[in-house]
Amino acid sequence: MTLTSAPATFPIDLGAYRPLSLDLAQPGLSDSQRADLQANIQLCRDAIVFFTATGAARGVGGHTGGPYDVVPEVVLLDALFRGNPDRFVPIFFDEAGHRVAIQYLMAVLQGHLPADALLRYREAHARLPGHPELGLTPGVAFSSGRLGHLWPFVNGVALANPDRVLVCLGSDGAQQEGDDAEAARFAVAHGLNVKLLIDDNDVTIAGHPSDYMPGYDLESTLAGHGLATLSGDGEDLDDLHRRLRQAVLSDGPVALINRRPMAVGIAGIEGSTHGHDVIPVDRAITYLEARGRQEAADHLRAITKPENPTGRRGSGERMEANRNVFGDTLVEILAGLSPEQRKQRVLCVDSDLEGSCGLAQIRKAYPEIFVRGGIMERANFSAAAGFGMEAGRQGIFATFSAFLEMCISEITMARLNGANVLAHFSHAGIDDMADNTCHFGLNNLFADNGLEEGNSTRLYFPADAGQMGACVQAVFKDPGLRFVFSTRSKVPNLLDHQGHDLYGEDYVFHPGRDEWVRRGGDGVIVSFGESLYRCLDAVEQLREEGLEVGLVNKATLNVVDEAMLAELGRQPFVLVVESFNRRTGLGSRFGTWLLERGFTPRYGHLGTWREGCGGLWEQFPHQGIDAAGIVSHVRGLRD
């Protein structure tokens with residue numbers, strides 16, 4: 001492995017990393033080895049604080065605490081990989097995908113990337129997205145996918161390499177996922193030579209597991225599955241080396257549980273939930289200046305956040321987060337119930353994402369009906385459904401749309417049991433998704449997987465804050481399964497042709513009814529959610545060219561509005577635009593609905609079809625579903 005010296009543009013000299021080889025036959029660290037390792041740890045931690053903070057400065061976010069935490073483990077592994085090349089599969093597998101910064105740093109140190117590439121952390125088209133993706137970033141040897149999903153995969157790699165040791169970095173958060181319980185039993189049953197290095201910092205996004213999940217203990221949990229466990233202080237380098245060496249020299253699966261405060265040594269963040277996400281720029285500057293990294297601190301000060309240049313014809317200036325409007329509206333609804341009614345009729349179950357999905361508002365207003373379920377989406381959805389099994393009771397559940405795929409079987413069971421669940425899946429589509437492909441919320445129509453007979457499942461994707469509030473108000477008391485989607489990004493208020501709010505105070509949402517945003521006879525675009533305002537921009541551009549293209553908001557995704565479909569069937573063309581998976585989204589159904597009724601307009605369908613590019617709004621033009629792409633496609637339909 002060759003080292004890459006840092007170009008002048010990267011303000012921390014990564015060429016100072018000291019390549020070290022550790023022989024497994026050596027029982028302890030020499031003074032010089034310890035000094036080299038400690039120097040490498042500090043160098044890597046300084047670099048991680050710096051370049052993750054560039055993501056904060058540019059507004060693309062990122063995670064600092066997780067990769068910062070596991071630097072001692074990774075630096076030790078790097079030395080063991082070098083010293084024992086035939087003993088390991090030399091990949092730093094990591095099931096906590098948000099720790100990608102350490103993967104990118106090691107790719108630089110191993111010569112696969114120039115150091116100045118790190119200055120574009122999570123930037124669009126920089127090939128450094130928020131989770132590692134195999135084949136995208138030079139030096140990245142695996143795709144981590146979603147939290148807690150990689151250990152079962154590593155088990156398979158171990159089966160393919162029976163004479164080598166496999167390493168998988170883990171966390172106390174990732175271990176809450178049910179996949180890991182199955183992976184643990186599998187590894188023990190088959191004697192796999194997989195070594196788990198678990199960062200136990202007692203921090204997840206929304207809190208501390210020791211507070212919200214009493215009884216959860218990594219050592220007893222993993223030991224109960226049959227794993228050998230070796231626990232200790234993750235910051236004690238000699239003890240960490242001793243335990244890691246013992247694990248590697250042992251046969252079968254072993255879990256090293258490394259306890260430490262999150263982001264140890266970073267003032268204002270150490271031990272807190274704030275360390276989970278990206279470090280604020282001011283905290284990073286303070287840290288770097290205290291470490292004598294003035295050039296790095298000055299670099300952060302000089303970064304300006306780029307602005308989205310996309311136009312918004314037909315929309316207003318208010319930008320609001322529908323994911324928060326969901327929670328705000330529920331608080332308003334719940335305020336109309338007596339304390340006894342709320343406690344008897346409603347249960348809200350969170351999956352460690354309360355601040356991202358609008359549930360924090362419910363916890364603050366009515367903590368007696370709020371349950372912190374931890375990182376266990378399947379169990380949490382089912383708990384909400386079980387509560388809502390009885391008529392008159394309502395389960396409320398929320399998580400990211402990417403995780404809907406994990407809950408398909410539980411959704412089926414809830415449907416079979418006649419459960420009443422109002423489920424909010426935020427972060428739908430691709431907008432503002434620097435975490436990139438594995439966190440795209442693309443396959444949301446999978447929730448509509450019941451039979452046609454008696455199917456009351458409904459899927460809703462409101463387009464702006466006004467419609468979101470009206471939608472939640474309208475469907476709250478409906479029976480059955482209701483799925484409401486929102487984006488990570490804020491969306492503008494939509495305007496009618498006279499410049500008034502399309503979904504103002506007097507607006508009433510009617511489930512199952514499609515709505516005209518603009519009428520026109522030269523063809524029509526059908527859309528929903530955050531794609532709708534981009535379509536409106538395109539429609540207004542086309543009207544400036546003399547084309548009276550209509551626009552329909554289909555906020556109820558899985559119900560045919562027969563009256564509207566008949567109108568659309570008489571149009572010259574119908575174009576469905578969405579950010580969902582082009583293979584499984586609305587457009588894959590809409591054309592069939594038209595044909596089944598004998599309508600044959602020229603038909604087109606735009607959706608997400610390629611791997612992501614990182615960044616924020618840049619995901620839309622990357623997929624060709626921004627206003628420019630929509631206009632171009634309409635012109636093609638008319639040719």
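- A salt bridge links Glu177 to Arg378: at least one charged side-chain nitrogen sits closer than 4.0 Å to a carboxylate oxygen.
- Between Asn436 and Glu611, the side chains place no donor N or O within less than 3.5 Å of an acceptor N or O (distance only, hydrogens not considered).
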* To do: Report the C-alpha separation of Asn380 and Ser351 in whole Å, then their side-chain angles, then the decisive distance to 0.1 Å, and conclude whether the side-chain hydrogen bond (donor to acceptor under 3.5 Å, both in side chains) test is met.
  => CA-CA 7 Å; Asn380 293 339; Ser351 296; 2.9 Å; yes

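- Classification of Glu95 and Arg146 as a salt-bridged pair fails, no side-chain N sitting under 4.0 Å from a carboxylate O.
- Counting only distance, with no hydrogens or angles, the side chain of His427 and the backbone of Phe400 share no donor-acceptor pair below 3.5 Å.
- In this structure, Glu354 does not pair ionically with Lys364, as no charged nitrogen and carboxylate oxygen lie closer than 4.0 Å.
- For Tyr503, the ring pair (Phe, Tyr, Trp, His ring centres under 6.0 Å) partners at least two apart in sequence or on another chain are Tyr507.
- Contact check on Asp435 versus Arg488 returns no salt bridge, with no Lys/Arg side-chain nitrogen under 4.0 Å from an Asp/Glu carboxylate oxygen.
- Contacts of Arg415 classified as salt bridge (Lys or Arg N to Asp or Glu O under 4.0 Å), with partners at least two apart in sequence or in another chain: none.
- No donor-acceptor pair under 3.5 Å is formed between the side chain of Lys554 and the backbone N or O of Gly512.
- Residues Phe387 and Ile396 are not in side-chain contact: their nearest non-hydrogen atoms beyond the backbone lie 4.5 Å or more apart.
- Between His424 and the options Phe397, Phe326, Phe485, a ring pair (Phe, Tyr, Trp, His ring centres under 6.0 Å) holds for only Phe326.
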* To do: Would you check, one step at a time, whether the test side chain to side chain contact (heavy atoms under 4.5 Å, CB included) holds for Gln176 with Glu377?
  => CA-CA 10 Å; Gln176 293 180 29; Glu377 296 84 359; over 6 Å; no

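- Rounding to the nearest 0.5 Å gives a distance of 12.0 Å between CZ of Arg583 and NE2 of His605.
- Under the rule for a ring pair (Phe, Tyr, Trp, His ring centres under 6.0 Å), Tyr533 has no partner lying at least two apart in sequence or in another chain.
- Among all heavy-atom pairs drawn from Ser426 and Arg323, the shortest one is CB-CB, 4.0 Å.
- Counting only distance, with no hydrogens or angles, the side chain of Asn322 and the backbone of Ala465 share a donor-acceptor pair below 3.5 Å.
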* **Derivation and outcome, side-chain hydrogen bond (donor to acceptor under 3.5 Å, both in side chains), residues Gln394 and Asn420** => CA-CA 5 Å; Gln394 177 81 262; Asn420 302 309; over 6 Å; no

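- Taking the six-membered ring where the residue is Trp, the centroids of Tyr460 and Phe528 are separated by 6.0 Å or more.
- Between the side chain of Glu530 and the backbone N or O of Gly429 there is no donor-acceptor pair closer than 3.5 Å.
- A donor-acceptor contact shorter than 3.5 Å is absent between the side chain of Arg582 and the backbone of Trp609.
- For the salt bridge (Lys or Arg N to Asp or Glu O under 4.0 Å) test, residues two or more places apart in sequence or in another chain that qualify with Asp431 are Arg534.
- Closest of all the heavy-atom pairs between Gly148 and Asp179 is O-CB, 3.3 Å.
- The heavy-atom pair separating Leu147 from Ser171 by the smallest distance is CD1-OG, 4.4 Å.
- Under the 4.0 Å criterion applied to side-chain N and carboxylate O atoms, Glu390 and Arg393 are assigned as salt-bridge partners.
- Aromatic ring orientation, His276 versus His98: tilted (interplanar angle from 30° to 60°).
- Counting only distance, with no hydrogens or angles, the side chain of Gln473 and the backbone of Gly469 share no donor-acceptor pair below 3.5 Å.
- Not a single donor-acceptor pair under 3.5 Å links the side chain of Thr487 to the backbone N or O of Ala428.
- Val517 has its side chain out of reach of Val552: every pair of non-hydrogen atoms, C-beta onward, lies at least 4.5 Å apart.
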* Could you go step by step and tell me if Tyr216 and Ser210 meet the side-chain hydrogen bond (donor to acceptor under 3.5 Å, both in side chains) rule? -> CA-CA 7 Å; Tyr216 171 57; Ser210 59; over 6 Å; no

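- Here Asp350 does not pair with Arg372 in a salt bridge; the nearest charged N to carboxylate O distance is not below 4.0 Å.
- Here the CZ atom belonging to Phe620 is positioned 8.0 Å from the CD1 atom belonging to Ile630, to the nearest 0.5 angstrom.
- Between Arg318 and Asp501 there is a salt bridge, since a side-chain N of the basic residue sits under 4.0 Å from a carboxylate O of the acidic one.
- Scanning for salt bridge (Lys or Arg N to Asp or Glu O under 4.0 Å) contacts around Asp561 gives an empty result, with sequence neighbours left out.
- Minimum heavy-atom separation, Ala474 to Phe509: CB-O, 3.6 Å.
- Side-chain atoms of Asp172 come within 3.5 Å of backbone N or O of Asp202 as a donor-acceptor pair.
- The two residues Met262 and Asn201 come nearest to each other via the heavy atoms CE-ND2, 3.4 Å.
- Residue His125 qualifies as enclosed at atom NE2: its count of foreign heavy atoms under 6.0 Å is above 12.
- Distance check, rounded to the nearest 0.5 Å: CG of Leu404 to CG of Leu442 gives 11.5 Å.
- Although no hydrogens or angles enter the test, the distance criterion places a donor-acceptor pair under 3.5 Å between the side chain of Glu618 and the main chain of Leu616.
- A donor-acceptor pair shorter than 3.5 Å cannot be found between the side chains of Thr608 and Asn581.
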* After noting the C-alpha distance and the side-chain angles of Asp537 and Arg312, does the key distance pass the salt bridge (charged side-chain N to carboxylate O under 4.0 Å, His left out) rule? -> CA-CA 5 Å; Asp537 187 11; Arg312 297 199 304 269; over 6 Å; no

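- The CE atom of Met319 lies 7.0 Å from the OG atom of Ser489; values are rounded to the nearest 0.5 Å.
- Using a 30° and 60° split on the angle between ring planes, Phe483 and Phe381 fall in the parallel class, below 30°.
- Atoms CG and CE, from Asp328 and Met468 in turn, are 10.5 Å apart once rounded to the nearest 0.5 Å.
- Looking at residues two or more places apart in sequence or on another chain, you find a salt bridge (Lys or Arg N to Asp or Glu O under 4.0 Å) between Arg342 and Glu368.
- For the residue pair Thr457/Asp448, the side-chain donor-acceptor check at 3.5 Å is not satisfied.
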* Asked: Does the pair Leu502 and Gln467 meet the rule for a side chain to side chain contact (heavy atoms under 4.5 Å, CB included), with working shown?
  -> CA-CA 9 Å; Leu502 189 64; Gln467 189 174 47; over 6 Å; no

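- Closest approach of His63 and Ala101 over heavy atoms only: O-CB, 4.4 Å.
- Although no hydrogens or angles enter the test, the distance criterion places no donor-acceptor pair under 3.5 Å between the side chain of Thr556 and the main chain of Val559.
- For Asp506, the CG atom counts as loosely surrounded, since its 6.0 Å shell holds 12 or fewer non-hydrogen atoms of other residues, nucleotides or ligands.
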* Asked: Would His510 and Glu515 count as a side-chain hydrogen bond (donor to acceptor under 3.5 Å, both in side chains) if you check the C-alpha gap in whole Å, the side-chain angles of each, and the deciding distance to 0.1 Å?
  -> CA-CA 10 Å; His510 296 279; Glu515 301 171 347; over 6 Å; no

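- Between Leu575 atom CG and His633 atom NE2 the span is 5.5 Å, to the nearest 0.5 Å.
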